Chemist: 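Got a structure for you, written out below as structure tokens; questions coming shortly.
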Amino acid sequence: MLYYRGESRQHVAGRIKERFGFDVKPRTLSAWLAEYRELTTYTRLREQCAQAFRPHQLIRSTRLHHKQVYMYRVHQGKLGALLSDPAHQTFQPIASYLTDMAGSCPHHLFQEEHRASDVTGAFDLTSVAIKEKENLAPRIAGLVLQAVTHNKRRHDELQRFMLTTDSVTVAVEVPVYLTPEDIVHMQRELGFEIPLATTATLTGHIDVVQIRNGAIHIIDYKPNAHRERPITQLMVYALALSRRTGLRLYDFTCAWFDERHYFEFYPL
């Protein structure tokens with residue numbers, strides 16, 4: 001992944017030899033890059049981002065101690081490149097939010113036990129169209145997770161790979177929160193029907209945030225995606241991100257996936 005951060009093939013070959021003792025030629029690296037080009041779409045943005053950021057500046061990482069440790073990461077190069085697209089220019093508030101949360105996250109809210117992932121079955125799904133779609137995410141997961149020997153490392157390794165090598169993932173482990181006041185505001189001012197208790201702040205960390213096709217995608221990796229329906233969890237994430245950024249709920253799409261399946265729905 002050093003190459004996708006902007007390092008040269010020669011430098012990457014040297015780091016591999018230094019760390020693992022393997023003498024890999026730059027032309028061999030070129031062959032590997034070509035073999036997996038379909039899954040590593042960041043290649044088309046690499047040169048543009050390298051002009052704006054040095055390799056060590058490209059991805060901003062923040063360690064969050066929220067009951068457990070989360071590595072919150074933002075790809076500053078991709079974020080800037082994607083938001084410069086006319087189809088995404090109205091999403092500028094997402095950049096401000098992602099930056100603010102790296103430096104001024106309200107950590108005290110995340111010390112409670114009211115996690116969005118623990119809230120289940122709150123929403124009526126009779127009118128929700130859940131679609132299984134073709135997407136590169138399952139194929140990427142199938143590739144990356146072959147090399148993960150400890151289950152606890154699955155999320156982190158997959159997130160780091162997507163953030164570094166695809167062309168649309170702008171942040172991982174994004175902290176979000178939805179207060180009782182937020183819920184009341186959305187009910188009274190926006191007319192939303194939100195069947196959630198208004199007595200505690202709900203918190204969570206979005207696995208993957210992508211910007212593509214004129215929408216912000218909120219995505220969760222679930223090892224058994226075809227057996228799960230994390231609708232309420234993803235709905236809370238979408239409501240929270242909408243409220244924190246001031247963007248319309250219409251601008252968000254929710255999805256979850258594993259190595260074989262990718263499911264999507266529109267929270268509005």
Side-chain angles (χ1 to χ4, degrees), residues 1-7 9 12-13 15-22 24 28-29 31-43 46 55-56 58-75 78 115-118 132-175 204-210 212 217-230 233-234 237 254-264:
M1 288 190 283
L2 289 172
Y3 172 78
Y4 297 102
R5 281 179 174 257
E7 302 286 4
R9 290 174 174 83
V12 174
R15 288 288 300 274
I16 292 175
K17 186 172 183 179
E18 176 185 317
R19 183 172 180 181
F20 301 105
F22 297 122
V24 178
T28 302
L29 289 176
W32 291 348
L33 293 170
E35 181 178 357
Y36 295 105
R37 189 174 300 276
E38 186 181 5
L39 298 183
T40 53
T41 51
Y42 178 70
T43 301
R46 180 179 178 275
H56 70 281
L58 193 62
I59 296 175
R60 181 176 182 176
S61 300
T62 306
R63 188 183 298 272
L64 304 175
H65 295 273
H66 293 170
K67 303 297 276 187
Q68 65 186 68
V69 177
Y70 295 87
M71 286 305 301
Y72 170 44
R73 298 182 175 99
V74 180
H75 198 295
K78 263 192 277 186
R115 298 174 57 194
S117 58
D118 294 333
E132 183 168 6
K133 304 189 72 173
E134 291 291 327
N135 191 279
L136 285 181
R139 293 177 59 189
I140 292 173
L143 172 66
V144 173
L145 296 180
Q146 293 179 62
V148 180
T149 55
H150 299 287
N151 286 343
K152 290 184 178 180
R153 297 290 304 165
R154 287 185 300 185
H155 275 76
D156 187 63
E157 295 297 339
L158 181 56
Q159 289 169 339
R160 287 199 308 123
F161 190 89
M162 294 177 72
L163 186 67
T164 307
T165 67
D166 78 24
S167 60
V168 293
T169 298
V170 296
V172 297
E173 291 294 359
V174 179
H205 299 80
I206 304 172
D207 281 355
V208 175
V209 171
Q210 296 182 344
R212 57 181 165 88
H217 295 253
I218 296 170
I219 305 174
D220 207 48
Y221 169 70
K222 296 293 186 186
N224 297 298
H226 64 293
R227 297 179 183 174
E228 300 193 42
R229 276 191 162 192
Q233 176 186 354
L234 291 168
Y237 291 167
C254 296
W256 72 99
F257 73 99
D258 61 13
E259 295 90 322
R260 295 185 178 183
H261 307 277
Y262 184 94
F263 299 98
E264 184 179 277

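What you see is a predicted model, and the numbers here were worked out from it, not measured in a lab. This chain uses plain numbering: 1 for the first residue, then up along the sequence.
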Chemist: Do Leu145 and Tyr221 have side chains that approach each other closer than 4.5 Å (heavy atoms only, starting at C-beta)?
Modeler: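 Result yes, sub-4.5 Å side-chain heavy-atom pair found.
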Chemist: Who passes salt bridge (charged side-chain N to carboxylate O under 4.0 Å, His left out) against Lys133, sequence neighbours left out?
Modeler: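 Residues passing salt bridge (charged side-chain N to carboxylate O under 4.0 Å, His left out) with Lys133: Glu264.
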Chemist: Assess whether side-chain contact (heavy atoms from CB on, under 4.5 Å) is satisfied between Thr43 and Arg37, documenting all intermediate values.
Modeler: CA-CA 8 Å; Thr43 301; Arg37 189 174 300 276; 3.1 Å; yes
Chemist: Are side-chain heavy atoms of Tyr72 and Val174 found at a separation under 4.5 Å?
Modeler: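 Answer yes - side chains close enough.
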Chemist: Taking C-beta and beyond as the side chain, do Glu132 and Phe257 meet within less than 4.5 Å on heavy atoms?
Modeler: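 Side chain of Glu132 against side chain of Phe257, heavy atoms only: no contact under 4.5 Å found.
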Chemist: Kindly assign one of parallel, tilted or perpendicular to the pair Phe263 and His261, based on the angle between their ring planes and the thresholds 30° and 60°.
Modeler: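 Taking His261 first and then Phe263, their aromatic rings lie parallel (interplane angle under 30°).
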Chemist: Show your working on side-chain contact (heavy atoms from CB on, under 4.5 Å) between Leu33 and Arg9 and close with a plain yes or no.
Modeler: CA-CA 10 Å; Leu33 293 170; Arg9 290 174 174 83; 3.8 Å; yes
Chemist: Do the side chains of Asp258 and His226 get nearer than 4.5 Å, heavy atoms only?
Modeler: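 Sidechains of Asp258 and His226: in contact.
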Chemist: For Glu18, what residues pass the salt bridge (charged side-chain N to carboxylate O under 4.0 Å, His left out) criterion, not counting sequence neighbours?
Modeler: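 By the salt bridge (charged side-chain N to carboxylate O under 4.0 Å, His left out) rule, Glu18 matches no residue at all.
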Chemist: Could you tell me whether the side chain of Asn224 and the main chain of Arg227 form a donor-acceptor pair under 3.5 Å?
Modeler: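 A pair under 3.5 Å: no.
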Chemist: Is there a donor-acceptor pair closer than 3.5 Å between any side-chain N or O of Trp256 and the backbone N or O of Asp220?
Modeler: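 No; zero donor-acceptor contacts below 3.5 Å.
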Chemist: Roughly how far, to the nearest 0.5 Å, is the OH atom of Tyr237 from the CD1 atom of Ile218?
Modeler: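 Here the rounded value is 9.5 Å.
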Chemist: Using only atom types and a distance under 3.5 Å, with no angle test, would you say the side chain of Lys78 pairs donor to acceptor with the backbone of Leu163?
Modeler: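 Confirmed, Lys78 side chain pairs with Leu163 backbone.
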Chemist: Would you check if Val24 and Lys17 make a side-chain contact, meaning some heavy-atom pair closer than 4.5 Å?
Modeler: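 Result no, sub-4.5 Å side-chain heavy-atom pair not found.
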Chemist: Which residue pairs satisfy the salt bridge (charged side-chain N to carboxylate O under 4.0 Å, His left out) criterion with at least one member in residues 147-158, sequence neighbours excluded?
Modeler: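 Listed once each, the pairs are Arg73-Asp156, Arg153-Asp156, Arg153-Glu157, Asp156-Arg160, Glu157-Arg160.
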Chemist: According to salt bridge (charged side-chain N to carboxylate O under 4.0 Å, His left out), who are the partners of Glu7, at least two apart in sequence or on a separate chain?
Modeler: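 For Glu7, no residue satisfies salt bridge (charged side-chain N to carboxylate O under 4.0 Å, His left out) once neighbours in sequence are set aside.
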Chemist: For Asp207, does its backbone N or O pair with a side-chain atom of His155 as donor and acceptor, under 3.5 Å?
Modeler: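 Side chain of His155 to backbone of Asp207: no pair is present.
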Chemist: Compare all side-chain heavy atoms of Ile140 with those of Thr165 and state whether any distance is below 4.5 angstrom.
Modeler: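 Not in contact.
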Chemist: Do you know the tightest heavy-atom contact between Ile219 and Gln210?
Modeler: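 Taking Ile219 first and Gln210 second, the nearest heavy atoms are CD1-OE1, 3.4 Å.
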Chemist: Can you give me the closest heavy-atom contact between Pro55 and Gly6, atom names plus distance?
Modeler: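 Taking every non-hydrogen atom into account, CG-C, 4.1 Å.
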Chemist: If you compare all heavy atoms of Pro175 against all heavy atoms of Leu64, which two are closest, and at what distance to 0.1 Å?
Modeler: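 Closest heavy-atom pair between Pro175 and Leu64: CG-CD1, 3.8 Å.
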Chemist: Would you please name every residue forming a side-chain hydrogen bond (donor to acceptor under 3.5 Å, both in side chains) with Thr40, sequence neighbours left out?
Modeler: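 side-chain hydrogen bond (donor to acceptor under 3.5 Å, both in side chains) check on Thr40 returns Tyr4.
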Chemist: Should we say atom NE2 of His56 is surrounded by more than 12 heavy atoms from elsewhere, each under 6.0 Å from it?
Modeler: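 Enclosed: over 12 neighbouring heavy atoms sit under 6.0 Å from NE2 of His56.
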Chemist: Could you tell me which residues satisfy side-chain hydrogen bond (donor to acceptor under 3.5 Å, both in side chains) with Thr62, sequence neighbours excluded, listed by chain and number?
Modeler: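 Per chain and number, Thr62 pairs via side-chain hydrogen bond (donor to acceptor under 3.5 Å, both in side chains) with no residue.
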Chemist: In terms of ring plane angle, is the pair His66 and His205 parallel, tilted or perpendicular, where the classes change at 30° and 60°?
Modeler: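 Aromatic pair His66/His205 classed tilted.
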Chemist: Would you please test Arg15 and Leu2 for side-chain contact (heavy atoms from CB on, under 4.5 Å) and show each step?
Modeler: CA-CA 9 Å; Arg15 288 288 300 274; Leu2 289 172; 3.8 Å; yes
Chemist: Flag yes if more than 12 heavy atoms outside Glu134 fall under 6.0 Å of its CD atom; otherwise flag no.
Modeler: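 It does not: Glu134 CD has 12 such atoms or fewer within range.
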Chemist: How long is the straight-line distance from OG1 of Thr169 back to CZ of Arg212, given to the nearest 0.5 Å?
Modeler: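 Those atoms lie 8.5 Å apart.
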Chemist: Looking only at heavy atoms, what is the nearest atom pair of Leu234 and Cys254, with distance?
Modeler: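 The pair with the smallest heavy-atom distance is O-SG, 3.7 Å.
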Chemist: Is there a side-chain contact (heavy atoms from CB on, under 4.5 Å) between Leu136 and Asp166 once you walk through the steps?
Modeler: CA-CA 9 Å; Leu136 285 181; Asp166 78 24; over 6 Å; no
